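Protein chains get the first letters and strands the later ones, always in sequence-line order, with residue 1 at the start of each. Please read all numbers here as calculations on a predicted model, not as lab measurements.
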Number of protein chains: 2
Amino acid sequence: MTFDAIDKKLLQLLQNDSKQTNKELSNKLNLSVTAVFERIKKLENNGVINKYVALVKKEKVEKSFVAFCHIKLSQHIQEYVVQFEKEVTNLTEVLECHHISGDYDYLLKVMVKDMEAFREFMVEKLTNINHIGSTHSMFVISEVKSTTAIPI
Amino acid sequence: MTFDAIDKKLLQLLQNDSKQTNKELSNKLNLSVTAVFERIKKLENNGVINKYVALVKKEKVEKSFVAFCHIKLSQHIQEYVVQFEKEVTNLTEVLECHHISGDYDYLLKVMVKDMEAFREFMVEKLTNINHIGSTHSMFVISEVKSTTAIPI
DNA sequence: AGTGAAAGTCAACTGTA
DNA sequence: TACAGTTGACTTTCACT
């Protein structure tokens, strides 16, 4: 689907706060409540809006330690790739896993309590996955920017 | 604040779908509607739930190209650091910027339309920021896993 | 695509245990 | 900390422009 200026503004507003009422949105967009309602439904039905979620502050739930892990597989046999991707997806500590270009095959975003929890995660979970060749971890010192809002 | 089993379950539910009604949540948690309401308010007031947002599918808004950029500063003078972090934060294409340990200083998550848009971003925006020493980019070939839900 | 008004549903507040 | 009942506000539908 295509987006006019109002759709774009609406998506930006909803990406920053999905708990606004249609009335509030209608004021910001100079539209009627019903028009806002129908535009939102259209965005939902077309799969543009994937889902609505609550974002939790990691510091409040003892998950302040974030690390990015590079992973190289030992061999790039399809069977190994499929199995690795399946197993890594099942790890709750892994919030993101990207297959990437470059020296390593994968980049993982891992969230745990502290360095000790990260050590445990590496030893007991990640490196227990078969076919991993090598890993290289980077620790997040500070979070400069972090948003889920895609610029439209 | 501390969390009992119900709080944890509630946070998981809301992190996956924040549009459920309190009645639906009350069924899943075997609790009354009011109890659910009060628990949610407590989580919001304590800052555990940071905000509610709509998640947009990047493929639907022509932002299918994701890259991770390593960045090294030319010098680690505080003034340079502050200015770099400020300028990079203002770039809408940069969804995340992490100050990290290791060979490079920063890891950025960048989202644009395609490789050509990425080239433009690099040439016209990113490398125009002062005090950047070197960069190294990795392109996302496929997204194996991506969630905003922190395991509680 | 847009609007205003009607109908149904929910969030939010009150009382009480 | 939990519950049930009340009320105003909201979402959703409908008839119409």
Side-chain angles (χ1 to χ4, degrees), chain A residues 1-63 113 147-152, chain B residues 1-63 113 147-152:
Chain A
M1 70 176 285
T2 58
F3 310 101
D4 64 12
I6 297 174
D7 286 322
K8 292 177 185 178
K9 188 83 201 293
L10 178 55
L11 281 172
Q12 281 167 14
L13 289 168
L14 290 174
Q15 281 191 108
N16 280 303
D17 179 10
S18 61
K19 273 285 156 77
Q20 308 174 72
T21 65
N22 291 348
K23 191 175 180 179
E24 289 172 309
L25 292 168
S26 71
N27 286 330
K28 292 176 184 171
L29 297 169
N30 294 316
L31 228 63
S32 72
V33 173
T34 314
V36 169
F37 174 78
E38 281 167 0
R39 278 173 181 267
I40 293 175
K41 278 287 161 284
K42 193 176 168 191
L43 291 168
E44 290 171 0
N45 293 335
N46 284 314
V48 179
I49 294 178
N50 197 20
K51 57 177 176 176
Y52 297 92
V53 300
L55 296 183
V56 167
K57 199 163 243 165
K58 60 183 183 305
E59 293 81 8
K60 297 278 183 174
V61 292
E62 295 202 311
K63 301 284 174 183
K113 184 185 176 188
T147 180
T148 56
I150 300 173
I152 313 281
Chain B
M1 71 176 285
T2 57
F3 310 101
D4 62 14
I6 298 174
D7 287 321
K8 292 178 184 177
K9 188 83 201 294
L10 178 55
L11 281 172
Q12 281 167 12
L13 290 168
L14 290 174
Q15 282 191 108
N16 281 302
D17 179 11
S18 62
K19 272 285 156 77
Q20 311 174 70
T21 65
N22 290 348
K23 191 175 180 180
E24 289 172 310
L25 292 168
S26 72
N27 285 332
K28 293 175 184 171
L29 297 169
N30 295 316
L31 226 64
S32 73
V33 173
T34 318
V36 169
F37 174 79
E38 281 167 0
R39 279 173 183 267
I40 292 176
K41 279 288 161 281
K42 192 175 168 190
L43 291 168
E44 290 171 0
N45 293 334
N46 283 314
V48 178
I49 294 178
N50 197 21
K51 58 178 176 174
Y52 297 92
V53 300
L55 296 183
V56 167
K57 201 165 238 163
K58 60 184 182 304
E59 294 80 10
K60 298 277 183 176
V61 292
E62 295 202 309
K63 301 285 173 182
K113 184 185 178 191
T147 180
T148 56
I150 301 173
I152 315 282

Can any side-chain N or O of [X] pair as donor or acceptor with the backbone N or O of [Y] at less than 3.5 Å?
{"X": "B/Asp17", "Y": "B/Leu13", "result": "no"}
{"X": "A/Asp4", "Y": "A/Ile6", "result": "yes"}
{"X": "A/Glu24", "Y": "A/Thr21", "result": "yes"}
{"X": "B/Lys60", "Y": "A/Asn46", "result": "yes"}

Compare the minimum distances between each of [options] and the side chain of [X], then state the nucleotide with the smallest one.
{"X": "A/Phe37", "options": "D/dT13, D/dT1, C/dA11", "value": "D/dT13"}
{"X": "B/Thr21", "options": "D/dT12, C/dC10, D/dA2", "value": "C/dC10"}
{"X": "B/Ala35", "options": "C/dG2, D/dC3, D/dT11", "value": "D/dC3"}

Review point. Is a donor-acceptor contact shorter than 3.5 angstrom present between the side chain of B/Thr34 and the base of D/dA2?
Key: no
How many Å lie between [atom1] on [X] and [atom2] on [N], as a whole number?
{"X": "B/Ile6", "N": "D/dC3", "atom1": "CD1", "atom2": "C1'", "result": "14 Å"}
{"X": "B/Lys19", "N": "C/dA11", "atom1": "NZ", "atom2": "C1'", "result": "14 Å"}
{"X": "A/Met1", "N": "C/dA1", "atom1": "CE", "atom2": "P", "result": "9 Å"}
{"X": "B/Asn22", "N": "C/dC13", "atom1": "CG", "atom2": "P", "result": "12 Å"}
{"X": "B/Asn30", "N": "D/dT1", "atom1": "CG", "atom2": "C1'", "result": "17 Å"}
{"X": "A/Ile40", "N": "C/dA1", "atom1": "CD1", "atom2": "C1'", "result": "15 Å"}
{"X": "A/Asn45", "N": "D/dT12", "atom1": "CG", "atom2": "C1'", "result": "13 Å"}
{"X": "A/Leu31", "N": "C/dA1", "atom1": "CG", "atom2": "P", "result": "13 Å"}

**Study point:** Side-chain ion pair, A/Glu44 and A/Lys41, N-O less than 4.0 Å
**Key:** yes
**Study point:** Phosphate OP1/OP2 of D/dT1 contacted by B/Lys42 side-chain N/O (<4.0 Å)
**Key:** yes
Check your understanding: Taking only N and O in the side chain of B/Lys23, is any of them less than 4.0 Å away from OP1 or OP2 of C/dC10?
Key -> no
Exercise for review: Nearest-nucleotide wise, let me know which of A/Glu38 and B/Arg39 is further upstream toward the 5' end of DNA chain D.
Suggested key: B/Arg39
Check your understanding: Any idea which heavy atoms bring A/Gln12 and A/Ile152 closest together, and the distance?
Key -> NE2-O, 4.0 Å
**Study point:** Secondary-structure stems for DNA chain D, with pairs counted as Watson-Crick or G-U when both distances are under 3.5 Å and runs at least 3 long
**Key:** C:1-14 with D:4-17
Review point. For B/Glu62, does the CD atom sit with more than 12 other heavy atoms under 6.0 Å from it, leaving out its own atoms?
Key: no
